[in-house]
Amino acid sequence: MDRAEGCGVLHVDMDAFFASVAVRENPELAGRPVIVGGAGGRGVVTSATYEARAFGVHSAMPTARALRLCPDAVVVPGDMALYSEVSRGVMAVFGSITPLVEPLSVDEAFLEVTGAARRLGDAQAVAELVKARVFDEQGITCSVGVAPTKFVAKLASTRSKPDGLLVVRPHEVVGFLHPLPVGALWGVGPRTEEALHAVGLRTVGQLAHAPVELLQRAVGPGSGAHLRELSWGRDPRHVVPDEREKSTGAEETFGRDVDDPAVVHRELLHLAERVAGRLRGAGHQARTVTLKVRFSDFTTITRSRTLPAPSDVGQVLYDTARELFDALGLDRVPVRLVGVRAERLADAGATPVQLALGEREHGRRDAELAADRAVARFGVGAVRPATLLRRDGITGRSQAAPRPDRAPRTTRRDDG
């Protein structure tokens, strides 16, 4: 019998992706606790090697606290351009094995390998091939879960970390799931977990055998039915290749709380330029711009506006974000963080362009495309709006306020 008969879904997750890439680039760091993130007073951990995690360090933790837990850790800054390059290489490996690849973020994806198994062996053999090629071609390790469904495959990859491979065959699914805590189920966050604990349900097996009425009272009719299905390993979703990214954004935490609108405006311009560059690089345009503001007491608000026409122009994104910020009417209110997000993305090539009467043939978008070419040739910072020169300055620090700690942003935190 096939070692993985009935299994066609792989979940592949890079191990501590950002930190692994940092160690790959600096081999002398191998075996040492390494933290990727901002080193300033408000720096945040975005990734950590397993040597650092052994001390309790994890992503989203303040770097200062991480260093108290692990004083010998080496802190290195993020390099989003490098991570993107490695991610493209990893996804190319997946695409060479099967066309059915559903990326979830820069460092993980689902693969449907039923067809590939006919020429490469069963799903376990394909998983071993994926692991070997990622290591040989990119110099980093990954963990792979093999199962009949996406949900179980993802759990299996998590349980096999780091650098592991776990196959859950169809007849093993229930035995694999039922001993797990209810928090392992998709859709169970802290509040749902607390509600399930309150009615005595702590394991997936207990949830699977609980009366439906009890589940519905605890978490609601819809969630109760969904969790019951997952508890028995039933997940009807298929691997969806090339699923469109729904949004992209960037945000910054200031070195100290800022109550000067001019400083906030300058940061919004910087963020809008970054987001617009990502849009153009991916061939997308945004229909909606969302502003995020976090205050000194950690209260967070968002405001959104739909654009008259889809755009990938930094000036358009900035003008919209600035108007949204100014409309808040803040009067010297300390701001801790600001963010700009482009949402409802569309293909740039499929978006019609209509010039207004009297408008120049070549406008702001052409200028920003030219700037993209300069950046590609000479590096980040080769061309930028003059306003941002006051932000960065020659020394790399703002002349109006401390430069925000840099931390790479992805579609999710690097928890692998």
Side-chain angles (χ1 to χ4, degrees), residues 46 78 80-81 83-85 87-88 91 102-107 240 242-254 264-294 300-328 335 337-354 363-373 375-376 380-381 383-385 387-388 391 404 406-414:
T46 56
M80 199 60 211
Y83 305 146
S84 297
E85 178 185 345
S87 175
R88 287 192 293 271
M91 296 300 167
E102 180 181 340
L104 299 181
S105 67
V106 294
D107 63 341
V240 181
D242 299 324
E243 187 175 58
R244 174 167 300 285
E245 184 181 14
K246 296 179 175 63
S247 66
T248 185
E251 58 188 49
E252 293 288 0
T253 300
F254 291 105
V264 176
H265 289 165
R266 198 153 48 241
E267 191 59 40
L268 290 176
L269 175 59
H270 171 66
L271 295 173
E273 292 284 331
R274 285 172 59 186
V275 173
R278 293 177 187 173
L279 289 174
R280 292 190 296 271
H284 295 159
Q285 291 187 331
R287 295 185 176 95
T288 300
V289 175
T290 296
L291 167 75
K292 177 179 179 180
V293 180
R294 179 169 296 155
T300 303
I301 62 173
T302 59
R303 297 290 186 271
S304 298
R305 178 176 296 172
T306 298
L307 300 173
S311 179
D312 57 8
V313 177
Q315 188 66 45
V316 173
L317 272 57
Y318 166 66
D319 289 343
T320 306
R322 174 173 176 166
E323 290 170 6
L324 290 168
F325 178 80
D326 292 345
L328 296 174
V335 172
L337 172 150
V338 290
V340 175
R341 178 159 290 276
E343 300 177 336
R344 298 177 59 213
L345 305 187
D347 284 326
T351 304
V353 178
Q354 181 174 355
R364 178 75 188 197
R365 186 172 191 271
D366 293 305
E368 293 189 11
L369 288 170
D372 290 344
R373 292 191 291 271
V375 168
V380 176
V383 180
R384 72 188 75 182
T387 303
L388 295 183
R391 176 186 181 277
R406 292 285 172 217
R409 300 286 175 179
T410 63
T411 52
R412 72 177 179 99
R413 293 189 179 100
D414 177 35

So do the side chains of Leu291 and Thr302 get within less than 4.5 Å of each other, counting heavy atoms only? no
To the nearest 0.5 angstrom, please state how far the CG atom of Leu345 sits from the CZ atom of Arg287. 8.5 Å
Which pair of heavy atoms, one from Arg322 and one from Leu268, lies closest together, and at what distance? CA-CD1, 4.1 Å
Could you go through Arg294 and Val335, starting from their C-alpha distance and side-chain angles, then the distance that decides it, and tell me whether this counts as side-chain contact (heavy atoms from CB on, under 4.5 Å)? CA-CA 6 Å; Arg294 179 169 296 155; Val335 172; over 6 Å; no
Sub-4.5 Å side-chain heavy-atom contact between Gln285 and Arg280: no
Taking all heavy atoms of Asp326 and all of His265, pick out the closest pair and write down the distance. OD1-NE2, 2.8 Å
Would a distance-only check, ignoring hydrogens and angles, find a side-chain to backbone donor-acceptor pair under 3.5 Å from Ser84 to Met80? yes
Tyr318 side chain near Val313 side chain, heavy-atom distance below 4.5 Å: no
Which heavy atom of Val293 sits nearest to which heavy atom of Phe325, and what is that distance? CG2-CD1, 4.1 Å
How long is the span from the CG atom in Asp347 to the NE2 atom in His284, to the nearest 0.5 Å? 6.0 Å
Walk me through whether Thr290 and Glu343 qualify under side-chain hydrogen bond (donor to acceptor under 3.5 Å, both in side chains). CA-CA 7 Å; Thr290 296; Glu343 300 177 336; 2.9 Å; yes
Could you go through Ile301 and Leu328, starting from their C-alpha distance and side-chain angles, then the distance that decides it, and tell me whether this counts as side-chain contact (heavy atoms from CB on, under 4.5 Å)? CA-CA 10 Å; Ile301 62 173; Leu328 296 174; 3.7 Å; yes
For Thr320 and Leu307, run side-chain contact (heavy atoms from CB on, under 4.5 Å): C-alpha distance rounded to whole Å, both residues' side-chain angles, the deciding distance at 0.1 Å, then the answer. CA-CA 8 Å; Thr320 306; Leu307 300 173; 3.3 Å; yes
Nearest heavy-atom pair of Ser247 and Arg341: which atoms, and what distance? OG-NH1, 2.9 Å
side-chain contact (heavy atoms from CB on, under 4.5 Å) evaluation trace for Thr306 with Arg344: CA-CA 9 Å; Thr306 298; Arg344 298 177 59 213; 3.6 Å; yes
Kindly indicate whether the side chain of Glu102, heavy atoms from C-beta on, has any atom under 4.5 Å from the side chain of Leu104. yes
Residues Arg278 and Thr248: closest non-hydrogen pair is CD-OG1, 3.7 Å
When rounded to the nearest 0.5 angstrom, what distance separates CD in Glu251 from CG in Leu271? 8.5 Å
Decide salt bridge (Lys or Arg N to Asp or Glu O under 4.0 Å) for Arg303 and Glu323; before the verdict, give the C-alpha distance in whole Å, the side-chain angles of both, and the deciding distance to 0.1 Å. CA-CA 10 Å; Arg303 297 290 186 271; Glu323 290 170 6; over 6 Å; no
Is the shortest heavy-atom distance from the side chain of Val289 to the side chain of Val275 under 4.5 Å? no
Please report the shortest heavy-atom distance between Leu279 and Ala342, naming the atom on each side. CD1-CB, 3.8 Å
